[in-house]
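If you read the sequence from its start, that first residue is 1, and numbering goes on from there.
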Amino acid sequence: MTAIMKKSHYIQQHKKQQSSHDHIVSILMNTAGLTSNLIALYCVHWVYENPYAVGFGGHFQYLTILGLTIATFAFFLKLLAYILPGVFQAAYETVSNLALPLEGLISALYWGMGLVDPTFITPKDMPPIPLIVDCALHLFPAMFLWFDFLIFNNEFKRSVRHVAIIYGFGIWYYVWSCFCHSRNSYYPYPFLDQMSEYQRIMFYLISATLAWCMYEFGKIFFFLFLFNIKWIISI
């Protein structure tokens, strides 16, 4: 009986130590993500010139900047949730479950289309930016968000509301980009100007569906693989 009690006490202590270690690493990861995003936003607005961002909507015509802003709020809310447990958890859950698939979508589209033809995404006369800034805009946010979610998020709950938010954002961005086009006479990304209206609608619909698939992938991957690994390690 004493041996069983000792083993139980050891397991509980190990779980507490593992939880404390996870929190520290997660805080460091979210701090790094927040810092990277803030530097990227600063560079975009005040360091590197973009002649196409002077029109209506400015830099917020771009899905990249909108996603980066949402991801920045996600990192910030996660850190606040550690400082004030329970107070910001609901806000973080809502924001992060949009930021996760959105940043995954942005990275997939940017690097995928850029490999085919960089001018699909960036106009030929756009001044180049350093690779590290490019990664801070189109790669690092997704990496930090997904690593933190898959490794340290123990409270993920799939919700139809999250799916509705993803599609709602897709509809909103379609309307927003069309409105900016009506004022500027150009879309934020060159490939959109080469599409018919029907093709653009289908592109936005497919993109929103791809973001939803990433959300579902995160759920499946988390529950079927990493949850079991964590359970084995805790034992």
task: Could you tell me whether the side chain of Glu93 reaches within less than 4.5 Å of the side chain of Arg161, counting heavy atoms only?
output: yes
query: Any side-chain heavy atom of Ser107 within less than 4.5 Å of one from Pro141?
result: no
task: Indicate the atoms forming the closest heavy-atom contact of Ala136 with Leu68, along with that distance.
output: O-CD1, 3.8 Å
task: Please list all pairs passing the ring-ring contact (aromatic ring centres under 6.0 Å, His included) test where one or both residues lie in residues 62-81, with sequence neighbours left out.
output: Tyr62-Tyr189
statement: The reported gap from CG in Leu105 to SG in Cys213 (rounded to nearest 0.5 angstrom) is 10.5 Å
statement: Minimal heavy-atom distance between Phe120 and Pro190, with the atoms involved, is O-CD, 3.4 Å
query: Are Leu131 and Leu115 connected in a single hydrophobic cluster, I mean Ile/Leu/Val/Met/Phe/Trp/Tyr linked by side-chain heavy atoms less than 4.5 Å apart?
result: no
message: side-chain hydrogen bond (donor to acceptor under 3.5 Å, both in side chains), that's the test. Do Ser26 and Tyr82 meet it? Break it down for me.
response: CA-CA 10 Å; Ser26 179; Tyr82 280 121; 2.8 Å; yes
- prompt: Would you say Thr31 and Thr35 make side-chain contact, with heavy atoms under 4.5 Å?
  reply: yes
statement: So ring-ring contact (aromatic ring centres under 6.0 Å, His included) across residues 99-118, not counting sequence neighbours, yields Tyr110-His138
query: Under a 4.5 Å side-chain heavy-atom rule over Ile, Leu, Val, Met, Phe, Trp and Tyr, are Met113 and Val116 clustered together?
result: yes
Between CG on residue Leu41 and CG on residue Leu137, distance to nearest 0.5 Å: 8.0 Å
Close side-chain approach of Met126 to Asn50, heavy-atom, < 4.5 Å: yes
task: Please round to the nearest 0.5 Å and tell me the distance separating atom OH of Tyr92 and atom NZ of Lys78.
output: 3.5 Å
Interatomic distance, Tyr187 atom OH to Met195 atom CE [nearest 0.5 angstrom]: 10.5 Å
query: Where is the tightest heavy-atom contact between Ile166 and Ala211, given as atom of each residue plus distance?
result: CG2-CB, 3.8 Å
- prompt: Does the side chain of His181 pick up a donor-acceptor pair with the side chain of Gln61 at under 3.5 Å?
  reply: no
field: Close side-chain approach of Leu34 and Leu79, heavy atoms under 4.5 Å
entry: yes
- prompt: Under a single-linkage definition using a 4.5 Å side-chain heavy-atom cutoff for Ile, Leu, Val, Met, Phe, Trp and Tyr, are Trp46 and Ile132 assigned to the same hydrophobic cluster?
  reply: yes
task: Kindly check if the number of other-residue, nucleotide or ligand heavy atoms within 6.0 Å of CZ (Phe147) is above 12?
output: no
message: Side chains of Ser177 and Tyr204: any donor to acceptor distance under 3.5 Å?
response: yes
- request: List the atom of Leu109, the atom of Ser207, and the distance in Å for their closest heavy-atom pair.
  value: CD1-OG, 4.1 Å
- prompt: Is it true that Tyr174 and Phe60 fall in one hydrophobic cluster, defined by side-chain heavy atoms closer than 4.5 Å?
  reply: yes
- prompt: At what distance, to the nearest 0.5 angstrom, does CG of Leu192 lie from CD of Glu197?
  reply: 10.0 Å
- prompt: Side chains of Phe191 and Gln199: closer than 4.5 Å at any heavy-atom pair?
  reply: no
- line: Minimal heavy-atom distance between Leu66 and Trp172, with the atoms involved, is CD1-CZ3, 3.8 Å
- prompt: Do Cys180 and Asn184 come close enough that some side-chain heavy atom pair is under 4.5 Å?
  reply: yes
Partner set under ring pair (Phe, Tyr, Trp, His ring centres under 6.0 Å) for Phe56, not counting sequence neighbours: Trp176, Phe179
- prompt: Between CG of Asn37 and CG of Asn30, what distance do you get to the nearest 0.5 Å?
  reply: 10.5 Å
task: State, with a plain yes or no, whether a side-chain heavy atom of Leu63 is found less than 4.5 Å away from one of Leu102.
output: yes
task: Could you state whether Leu77 and Val87 fall into the same hydrophobic cluster, counting links through intermediate Ile, Leu, Val, Met, Phe, Trp or Tyr residues with side-chain heavy atoms under 4.5 angstrom apart?
output: yes
statement: On a heavy-atom basis, the closest approach of Gly67 and Ile106 is CA-CD1, 3.8 Å
- prompt: Any chance the rings of Trp212 and Tyr215 have centres within less than 6.0 Å?
  reply: no
